[in-house]
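Have a look at the structure below before the remarks.
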Amino acid sequence: MDNLVVGKINALISRLERMRANYYPADWDADPLYDIICELREIAAETPGKSEAPSSQQVEAAGK
């Protein structure tokens, strides 16, 4: 997988994290979005030279 695809996956992860922040408490992990985000992070992590998607805390802090 090339870096362009990894970048798109990371952007999608960030979008999902922002959505979750609006729907669930910060420490909640029993929702389908959480499972999808975890799977996407695993896919992005399989690529050498990847850039990490921001954590939910980073996304929440950026939105303030």
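Positions are given from 1, in the same order as the sequence printed here.
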Within the 4.5 Å heavy-atom criterion, are L16 and M19 side-chain neighbours or not?
yes
Between Y34 and D29 the two heavy atoms that sit nearest each other are CD2-O, 3.4 Å
Shortest non-hydrogen contact between I43 and I9, atoms and distance:
CG2-CD1, 3.7 Å
Are E17 and R41 within salt-bridge range, i.e. N to O under 4.0 Å?
yes
In Å, rounded to the nearest 0.5 Å, how long is the span from CD1 of I36 to CZ of R20?
10.5 Å
I'd like to check L33 versus Y23 (side-chain heavy atoms, cut-off strictly below 4.5 Å). Are they in contact?
yes
